[in-house]
Each structure stands twice: as structure tokens, then as C-alpha cells.
Amino acid sequence: MRNLTVAFAALLAGMTLSVSEDAFAQERTVKITGFGAKSGVVRVFGINSEAAMKAGAEEINKTGGVTLGDGTKAKLTVEFLDDRCNAEEGISVVRRIASTDAFVAVGPTCSNVAESLFGILQKKAGDATDSGLQFPIIADVAAKGGLAKISEWSFRNVPSEFEMYKSLFAWVKSQHPNLKTIYGGVEKDFAHSNATFGVMKSQAETNGFQIAGSAEWLLNDTTFSTQVREMKRANADIVAISAHPFTTCGVLKEMERQGVKPKLLIGLTSSSSIETLQGCAKQAEGIIIPTSFAPVTPEAKKAAESVAKFGGSADLHSAAAYEIMFILKDVIQQQKIMAKPDTVQADRVKMRQGLAGLKETMGLLGKVGRTADREAIKPFLYVHAKGGSWQVLHKPSS
Amino acid sequence: MDLLDLIDAVQSVADGVLFGATYALLGIGFTLIFGVMHKLNLSYAAASIGAAYASLLILAGIEAPAIFVFLMAAVAGGVIGGLVYLIAFKFIPLANPLATLMSTVGLLLLIDEIIVHSTAGVPLNYPALFSDVIIPMGPFNLRGDLIFVFALGCVCMVVLLLLLYRTKLGLATRAVSQQPIASELCGISITHVNVLTFVLTGVVGGIAGAMTGAAIGMLSPLLSLPLTVKGLIVTVIGGLGSIPGAIIAGLVVGGLENFFQFFRGVSERDLYIMLLLFAFLIFRPGGIFPTTAGRD
């Protein structure tokens with residue numbers, strides 16, 4: 001009886017130990033840190049990115065999580081820090097993330113932050129003479145063209161606005177050959193709007209449109225009557241507005257007041273959001289905007305629902321954050337990242353190499369190509385505001 | 001300059017003058033508080049925008065007429081005004097001018113962040129009265145909504161002047177403004193007058209916030225800072241403590257803004273307004289209507 005008791009106790013102990021090991025294996029978590037604007041007027045971008053990252057993590061965890069280099073399974077968790085869309089804050093936040101066990105960070109929201117932040121990273125990976133931060137960062141929102149080439153540690157999963165507007169203006173030309181002139185409007189003090197306006201103008205000219213003039217305003221302007229009057233006098237066939245929702249709506253409302261009715265309206269990628277519809281759905285009716293996200297595929301629909309569950313809204317920016325979670329999962333598995341405190345630097349190097357080596361990833365609208373300078377070539381479509389919602393107007397790839 | 005340019009220039013200035021009514025309303029608030037307490041309340045414009053947001057919040061889910069929304073903004077403005085006094089002035093040593101200045105700066109940022117956190121910074125549609133009314137006057141068109149804002153600004157000014165010069169409260173306010181110690185000796189409660197001044201200016205601020213929202217058609221936290229700057233410029237140009245000065249300066253600044261926008265473009269527009277401010281500070285520091293009354 002005594003022997004039986006000892007044997008039973010030993011068996012129980014063994015089982016407990018085994019369960020503990022299993023439990024330990026199951027409890028391993030990998031924290032992915034995101035950062036972006038969660039205060040100030042661009043707070044909504046941070047909220048959406050965080051929700052999208054959490055939605056992505058939940059989706060991955062539902063299917064078993066991520067397999068680490070030592071074969072153990074880990075669940076993904078998400079932490080999101082606020083950089084207030086401020087370059088100094090952004091750098092400080094990333095230095096803080098880099099002082100932890102994190103092997104990658106996702107962000108930022110604003111191009112001005114990305115531009116400064118990527119500048120503090122080591123320019124060329126492995127360059128011993130460069131004491132820049134050796135920490136991989138993959139951007140989801142910052143949209144200004146060509147930012148990833150600043151450092152070999154910086155990556156982006158944002159759409160190429162150059163490609164989008166190149167395609168859009170060519171399409172407009174083919175669909176509306178009778179439209180000849182174009183008038184532009186730009187939010188002069190916002191880096192993204194200003195840069196994209198340059199793209200719009202050059203693509204319009206390339207496609208044979210005549211630029212009838214352009215009006216400028218500032219991000220927090222309250223009256224647009226002078227600018228819209230100039231627009232009215234130009235009487236152009238197309239009006240292209242490169243501005244964010246607040247001033248886009250201000251201008252559209254002033255256009256309505258002054259009876260400016262162009263034959264076609266074109267908007268900035270960032271304005272294909274719920275904000276524009278909340279602010280001026282009636283006046284925005286018909287505006288065409290290229291975007292890299294719309295809930296048109298089963299995956300995109302599922303992602304949109306999942307992001308909404310976490311209190312965000314899926315748009316071209318947050319969809320990129322959602323996709324990034326899956327990209328990171330794949331790289332962690334391919335590169336056999338260990339995610340342990342003593343392998344942090346090696347994991348960062350592996351993550352960088354893994355991200356740099358990607359030739360293609362799966363996005364919510366289809367395959368996403370990767371360029372040698374660490375940018376994404378994302379599929380896109382054109383949406384237009386119709387009846388208070390964004391509806392797909394045309395899919396260029398189809 | 002051809003005739004069309006001239007017409008456009010005049011129309012731009014006219015639009016600016018009418019929109020300047022919102023600056024004038026804000027200027028009145030700044031100037032009233034300064035007149036009574038000799039303190040600058042830098043959170044005033046943010047509180048005004050906050051009141052306009054609050055009116056949307058109070059009436060969320062109800063299809064309320066625009067005038068009711070404006071009324072709610074005025075009420076919310078009054079409540080916020082009282083709170084501003086309580087937070088930024090009541091417990092702060094008034095003898096130290098920097099202390100209250102900094103507390104109102106803090107409150108400005110706090111109100112801004114409260115708006116941002118409760119709306120995620122998303123611009124919200126704001127109702128307007130007479131937004132579809134355009135009054136043609138020869139080659140010019142006047143916006144119905146801006147004329148309403150302008151008229152309301154004038155009504156506010158008249159009501160405030162009547163309140164200040166025809167009521168006991170106004171008498172007490174002026175007495176505290178000019179001779180606070182003597183007023184106290186006469187049995188006037190300075191705290192009571194101060195609170196009422198903040199509530200009153202809060203009501204005007206709520207109307208200013210609502211009118212700004214109505215004139216633009218939207219509310220955004222982006223409005224707080226530029227309106228604070230405009231309100232201060234208007235107060236200084238009009239003459240610190242002068243209500244008619246604030247009204248005139250508001251309209252002048254609104255008109256000049258569009259004038260410079262038309263002739264010099266957006267990148268230089270604010271430069272000239274700032275130059276105007278410096279010109280006043282150097283050559284006429286008392287503003288258009290310098291206050292003549294003294295103070296203890």
C-alpha cells in the first residue's frame with residue numbers, strides 16, 4: 001500500500017510538472033508595441049491603429065498564436081504608446097521601446113515623426129561606424145513618399161500615393177475624355193497634404209489635364225470664401241483637394257454656398273474616412289478617392305468587423321496595421337525569433353533581415369509587393385462617397 | 001486689377017467682416033474678464049468651443065432645431081465659465097499675475113484634450129441657421145448664416161452694455177472693476193461679482209463657439225488655439241476692457257484677414273495681422289478705445 005502511495009504521488013508530481021511545462025509553454029507571450037498619435041487632433045489615427053493591431057493579434061491567437069524559434073507557441077499581445085504626432089515624443093517613445101525586450105515596433109502615425117525618427121536609426125545595417133539605433137520599425141500610417149529609404153532599419157506597409165494618383169488620373173482621362181481642366185486645393189501647412197498635392201498635380205499634367213490654378217489654406221483655417229471664389233472663377237472641370245477631413249469639409253461646404261459644382265471631385269487618400277462623412281456627407285457626395293482598403297473581400301470584411309470590436313474603424317491606415325501583425329507573425333516564424341530577454345539584439349537583427357527579405361506579403365485586398373527600399377506596393381481601388389457611405393467605384397486591377 | 005478682381009476683393013473683405021463677428025464675440029469675453037479682474041483668461045476660446053461641443057453632446061440623438069442647439073451652447077458656456085473661475089482663479093493667488101495666466105493656459109490644454117478624448121479629434125457637423133440663404137446685393141452676395149452671426153453679435157453687445165450700465169449687477173461689476181477695495185467696503189461681494197462675470201462671459205463664449213461652429217459648419221479641436229490667438233489680438237486692438245472696441249476690432253481683424261488672404265496669399269496673411277498687433281502695441285497700446293477708468 002505504501003509503495004502504491006509513493007508511486008501514485010510520483011505519478012501525480014510528474015503529471016503536475018508536465019502540466020506546468022505545458023502551461024508555461026502556452027503562457028508565453030510576445031508583446032508587439034505600436035506607437036502613434038493618441039492625443040491631439042489626430043488621436044483617431046492612434047485609436048484605429050491600436051484597435052487594428054489588437055484585432056490582428058486576436059485573429060492570430062485564435063489560430064494558435066505564433067511559433068517561436070525554440071518551437072514553443074506564443075500568444076501576441078499589443079501595447080500602444082502615444083507620440084502625440086510630435087517628432088521629439090516619437091523619438092523618445094521609440095528609445096523607450098528599444099530599451100525593453102521588444103524586437104520590433106509598429107508606427108508612427110505622422111510623417112513628420114517618421115522622418116525624424118527614421119533618421120536616428122542606423123542608416124546602413126551592420127555599419128560599425130554608425131552608432132544609430134539598431135531597432136526595426138515598420139510604419140502603418142505615415143504616408144509621405146519615400147520615407148523608408150532613410151534607414152535600413154525602417155520599413156513601411158503604407159500604400160504608394162504616387163501609384164494611386166498615377167492610376168486614378170489615367171483612369172479619369174480614359175473615362176471622362178471631355179474633362180480638360182483641373183483646379184487644385186491644398187492644405188499648405190501639412191506635410192502629407194502638401195506632398196500629395198505635388199503628386200496630384202504632376203499626374204494630372206502627365207495625363208494631359210490643364211492646371212487652371214490652385215488655392216491654398218492652412219490646417220486650422222476657418223474661412224475658405226476667398227479660396228473658393230478663386231476656384232469659382234477658374235471654372236475648372238475637375239477640383240482636386242489635397243486636405244484632411246476638417247478643411248476638406250470646410251472647403252466643400254463653402255463650394256456649396258458659392259454654387260461651385262465641378263464635374264468631378266478628387267480627394268486625398270486620408271479623407272476616405274468616416275470623419276469626412278460625419279463632417280460633410282452631403283457636400284462630399286461623389287468625391288473620388290483612391291484607397292488601399294475597402295471591405296470588399298471576405299478577409300477585409302472580417303478585419304473591419306474585428307477592428308470595430310476593438311473600438312476602431314478600418315480604413316487604409318488601420319488596415320495596414322492589421323496586415324502588419326500578420327507580416328510580423330510570418331517573419332517571427334521564418335526567422336526563428338526566440339523572443340527571450342537574452343536574444344533581444346539577435347532577434348532585432350533577424351526581424352530586420354526577415355522584413356528586408358520579404359518580396360511579397362498578403363494584404364486584405366490581395367498580394368502586396370515589397371520594394372528594395374522597404375516600401376509596399378499595395379493593391380488599391382477607387383471609392384466615392386455615395387449616400388453617406390464610401391462605395392467602391394472601380395478596381396484598377398480588375 | 002480688373003473689375004472682377006475688385007468685386008472679388010470687396011466680397012472677400014465683406015465675408016471676413018461678417019465672420020469677424022465671431023472674433024468680436026470672443027473678444028468681448030476676453031475683455032470683460034480683463035475689465036473686471038485685470039486677468040487674462042487664456043482658456044476662454046477653448047471653453048467656448050467646449051460649450052459648442054457640449055451642446056452637441058447634450059442633444060445627441062435628438063433632432064433638435066439649430067436655435068435650440070445654440071441655446072444649449074450658451075447654457076453650457078455659462079456652466080463651463082463658472083467652472084473655469086473655480087478651477088483657474090478661485091484658489092489661485094490673484095496677486096500673482098503669472099499664476100492665473102499659467103492656470104488658464106493649463107485649462108486651455110485640458111479643455112482641448114477633453115474635447116479630443118471625447119470625440120477622438122474627429123470633426124463634427126454643427127447646425128447653422130440660414131445657411132442656405134444668400135442675399136444678392138448687386139455683384140455681391142452676403143451669406144445668410146454670417147449675417148445672422150453678425151446680428152447676434154450686435155444683440156449680445158447691446159444686451160451686455162445694457163446689463164453693465166442699466167442694472168445693479170452691472171453697477172457692481174463696474175465698481176469691482178474700478179475700485180475693488182472700495183466696492184468690498186460698500187458690501188459688494190467680489191467673489192460673487194467675479195463668478196457672475198465668468199458665467200456671463202461663459203454664456204457669450206458659448207454663443208461665440210456655437211456661431212463659429214455654425215459659420216464653418218463644423219467643430220474641431222483644431223479651432224481652440226487659433227481662436228485664442230484671434231481673441232487676444234481683438235482684445236488688444238480693441239482696447240483691453242472695452243466692449244465696443246472688441247466688436248470693432250473683431251470685424252476689422254476678420255475683414256483684414258480676408259483682405260490679406262486675397263492680395264498676399266495664405267502664407268503671408270497672418271504675418272500682416274501680427275504686424276497690425278505690433279503696430280497697435282507700439283503706437284496705440286491702449287487699443288482703439290483705451291479704458292479711462294482707474295483702479296485701486
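Note that the structure is predicted; figures quoted are calculated from it, not measured.
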Under 4.5 Å to a heavy atom of chain B? For A:Asp221 that would be side chain

Under 4.5 Å to a heavy atom of chain B? For A:Ile47 that would be side chain

A:His317 and A:Ser49 side chains, donor-acceptor separation under 3.5 Å: no

Expected contact set for residues 230-241 of chain A against chain B at heavy-atom separation under 4.5 Å reads A:Arg233

Handout entry: A:Ser225 side chain to B:Asp15 side chain, donor-acceptor N/O pair below 3.5 angstrom
Key = yes

Looking only at B:Glu257, B:Glu113, B:Arg143, the option with the highest number of non-hydrogen pairs under 4.5 Å against chain A is B:Arg143

* When you look at CZ of B:Phe150, are more than 12 heavy atoms from neighbouring residues, nucleotides or ligands closer to it than 6.0 Å? -> no

Practice item. Salt-bridge test for A:Glu50 and A:Lys54: reply yes if a basic N is under 4.0 Å from a carboxylate O, no otherwise. Key: yes

With chain B, the option among A:Lys38, A:Arg43, A:Glu254 that has the most non-hydrogen atom pairs under 4.5 Å is A:Arg43

If one checks every heavy atom of B:Leu4 against chain A at 4.5 Å, the contacting part turns out to be both

Here the gap from B:Phe70 atom CZ to B:Phe148 atom CZ, rounded to the nearest 0.5 Å, amounts to 5.5 Å

Any carboxylate oxygen within less than 4.0 angstrom of a Lys/Arg side-chain nitrogen, looking at A:Glu256 and A:Lys282?
yes

One option among A:Ser39, A:Gly250, A:Ala37 has the most heavy-atom pairs under 4.5 Å with chain B, and it is A:Ser39

If you count every heavy atom of other residues, nucleotides or ligands that lies below 6.0 Å from B:Phe140 atom CZ, does the total exceed 12?
yes

The interface call for B:Asn141 against chain A, heavy-atom contacts under 4.5 Å, is neither

- Task: Output yes when a side-chain donor or acceptor of A:Asn194 lies under 3.5 Å from a complementary backbone atom of A:Ala191, and no otherwise.
- Result: no

Regarding A:Glu187 and A:Thr247, is there a side-chain donor-to-acceptor distance under 3.5 Å anywhere? yes

- Would you confirm whether A:Asn220, through its side chain, and B:Leu223, through its main-chain N or O, come within 3.5 Å as a donor-acceptor pair? no

Evaluate the ring planes of B:Phe19 and B:Tyr23, with Trp represented by its six-membered ring, and classify them as parallel (under 30°), tilted (30 to 60°) or perpendicular (over 60°).
-> perpendicular

Turns out that what part of B:Asp270 lies under 4.5 Å from chain A's heavy atoms comes down to side chain

Honestly, the part of B:Ile216 sitting under 4.5 Å from a heavy atom of chain A is both

Applying a strict 4.5 Å limit to non-hydrogen atoms, the region of B:Asn258 in contact with chain A is both

From the list A:Ile274, A:Leu219, A:Val42, the residue making the most non-hydrogen contacts under 4.5 Å with chain B is A:Leu219

Keeping the roles fixed (side chain from A:Ser116, backbone from A:Asn112), state whether a donor-acceptor pair exists under 3.5 Å. yes

Per-residue tally against chain B (heavy atom, under 4.5 Å) across A:Gln278, A:Lys188, A:Gln258 peaks at A:Gln278

